[in-house]
Every structure is written in structure tokens, then in C-alpha cells.
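No hydrogens, no waters, no symmetry mates; every other heavy atom, side chains included, goes into these values.
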Amino acid sequence: MMIFVLLISAYLLGSIPSGLLIGKVFFNKDIRNFGSGNLGATNSFRVLGKKAGIAVTILDIAKGAIAVLLPVFLGTDVIDPIYLGILAVIGHVFPIFAGFRGGKAVATSCGVILAYNPYLFLLIIVVFVLCLKLTKYVSLSSMAAAVSGFLYSLVSFIWFSGGWQLLALLAVLSVFILIRHRTNIIRIREKTEPKVTWI
């Protein structure tokens, strides 16, 4: 019973549509009708502005982190937190509270990694910022960060006897992120992908 409660709670946490809520409450806008039509942080920055984008990013990261820490909060070890993190990401991508039209899994995935392995989180952030500085593409930077996280976990698993759970987590999250960015990949190849100007 406890496992079921944790799994449902993780999915519902991930389903909280931060971008939609902030857009409607503070700006009277449904961000799904603007920009890329996505509920994630990048479109929130684009449609609602810097402050709102930062708020959405923090809230989306928090969703993933809290989901992973649910067993700690409830004092139980009946399930590996990795599964809860994956459910939170699924909730973010397919939110029941927003017609199953969600974000691209980046910020919530970062929250999952932050709670599960803070050192890996720092590596991913560094890769993201450096790639964004060089390319100005948020989408490409997100994908590069995801792939770097997977490669880190793969090297750790093969050469340093790292846990298979972390490798499985990064594999799933990377696949989610790459699939959700497939249209961005096409636009990058066609040189029509928007670039950021604030970094």
C-alpha cells in the first residue's frame, strides 16, 4: 500500500504545472498558447519573462527533488527513490492537471538528480551553462547536459563499480529529454531554432 501511495504521489507532484499556474495567476496567460506551446521553464522565460522563468525553473526542479525525497520524509525504505523520480518526470511530461501536455523533462530531471546525486547535478549544470554560453541554444544545452550525465553514470558503472540504479535513471531521463526535443533537433539542423540573448 505504501509503495502505491508513493508512486501516485510522485506522479502527482510531477504533474503540478508550474508554468501554467504562474502564467494564469500572475499574467492571465496560458503559455501553451504562446511561444513553443510548451509548459516548461524555457517557454516560461520566453513568454512570461525572466522572473517568472526563474520561478518556474525552481518549482520544476523542486518537484523532482521532493519526489525522490518522499521516502525520507515518510521514514520508509520500501522503494528505491529512483522510481519515484522517474514517475515525477513522467508527471511533468504528461501532467494529469494540464491535459497531459507538459514540459520537456529537463528541470524536473535536474531536481531528481539533485536529490539523488548532488555531485552529478553540479556536473550537469556546468555542462549546460558552458554549452549555452557557446551555442546560445537552450535546447541543445539541455540535451548536452542529459547526455553528459548518462556518460558520467556509464563510466562510473563500468570503471568504478558505480550503481546500476544511477545508470538506469540517467538512461531513462536522457531518452525522455532527447525524445521531447526532437523538433528542436530539426530546427537546430535547419538553423531556425531561437537563440537566447541573455548569456
Side-chain angles (χ1 to χ4, degrees), residues 10-67 85-114 124-125 127-129 131-147 149-150 172-199:
Y11 170 76
L12 293 177
L13 265 171
S15 289
I16 298 172
S18 308
L20 182 63
L21 290 174
I22 288 179
K24 285 194 170 183
V25 172
F26 296 102
F27 300 89
N28 196 30
K29 282 185 177 181
D30 184 335
I31 66 171
R32 292 173 297 183
N33 298 326
F34 301 90
S36 66
N38 191 267
L39 275 184
T42 301
N43 201 41
S44 297
F45 271 102
R46 186 178 296 125
V47 175
L48 305 177
K50 188 174 181 179
K51 290 182 180 179
I54 291 172
V56 171
T57 301
I58 292 172
L59 290 172
D60 284 350
I61 289 174
K63 294 190 304 186
I66 292 171
I86 292 173
L87 260 293
V89 172
I90 292 173
H92 177 73
V93 175
F94 305 108
I96 193 172
F97 302 129
F100 301 100
R101 292 175 54 198
K104 294 191 174 179
V106 177
T108 303
S109 295
C110 283
V112 171
I113 295 167
L114 172 62
I124 288 172
I125 293 300
V127 171
F128 176 85
V129 171
C131 187
L132 186 61
K133 184 73 175 177
L134 292 171
T135 69
K136 311 298 183 184
Y137 289 128
V138 174
S139 55
L140 181 60
S141 303
S142 299
M143 290 184 283
V147 171
F150 171 72
V172 172
L173 295 183
S174 297
V175 168
F176 259 121
I177 290 170
L178 291 174
I179 290 175
R180 293 293 287 175
H181 283 84
R182 59 191 182 279
T183 55
N184 301 87
I185 294 172
I186 294 172
R187 289 197 297 268
I188 290 171
R189 290 174 59 185
E190 295 175 347
K191 298 183 179 180
T192 58
E193 177 77 349
K195 292 187 177 184
V196 299
T197 58
W198 42 268
I199 188 169

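Atom SG of Cys131 sits about 13.0 Å away from atom NZ of Lys133, to the nearest 0.5 Å. Here the CG atom belonging to Leu59 is positioned 9.0 Å from the CG atom belonging to Leu21, to the nearest 0.5 angstrom. Expressed to the nearest 0.5 Å, how far CD1 of Ile124 lies from OG of Ser142 amounts to 11.0 Å. With rounding to the nearest 0.5 Å, the separation of CZ in Phe26 from NZ in Lys24 is 14.5 Å. Atom CE of Met143 and atom CD1 of Ile185 lie 4.5 Å apart (nearest 0.5 Å).
Under the 4.5 Å side-chain criterion, counting only non-hydrogen atoms from C-beta, Ile188 is in contact with Ser139. Residues Leu173 and Ile113 have side chains in contact (heavy-atom distance under 4.5 Å, counting atoms from C-beta outward). The side-chain heavy atoms of Lys104 and Ile177, taken from C-beta on, include no pair separated by under 4.5 Å.
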I'd like to know whether Val138 forms a side-chain contact (heavy atoms from CB on, under 4.5 Å) with Val106, so could you lay out the CA-CA distance, the side-chain angles of the two residues, the decisive distance to 0.1 Å, and finally the verdict. CA-CA 10 Å; Val138 174; Val106 177; over 6 Å; no
Hey, mind stepping through Ile90 and Phe176 against side-chain contact (heavy atoms from CB on, under 4.5 Å) and telling me if it holds? CA-CA 9 Å; Ile90 292 173; Phe176 259 121; 3.5 Å; yes
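A search for side-chain hydrogen bond (donor to acceptor under 3.5 Å, both in side chains) contacts involving Ser36 returns Asn43, not counting sequence neighbours. Among residues two or more places apart in sequence or in another chain, the side-chain hydrogen bond (donor to acceptor under 3.5 Å, both in side chains) test is passed with Arg187 by Glu193.
The main-chain N or O of Gly103 is found under 3.5 Å from a side-chain atom of Arg180 such that the two form a donor-acceptor pair. Arg189 places no side-chain N or O within donor-acceptor distance of the main-chain N or O of Ile186, the cut-off being under 3.5 Å. With Thr108 contributing its side chain and Gly64 its backbone, the two residues share no donor-acceptor pair below 3.5 Å. Remark: side-chain polar atoms of Ser174 are paired, donor with acceptor, to backbone N or O of Ala146 under 3.5 angstrom. Remark: side-chain polar atoms of Tyr11 are paired, donor with acceptor, to backbone N or O of Ile96 under 3.5 angstrom. Under the 3.5 Å distance criterion, the side-chain polar atoms of Lys63 are matched with a main-chain donor or acceptor of Gly14.
Taking the centre and axis of the six-membered ring of Phe45, the NZ or CZ atom of Lys50 falls outside the cone set by 45° and 6.0 Å.
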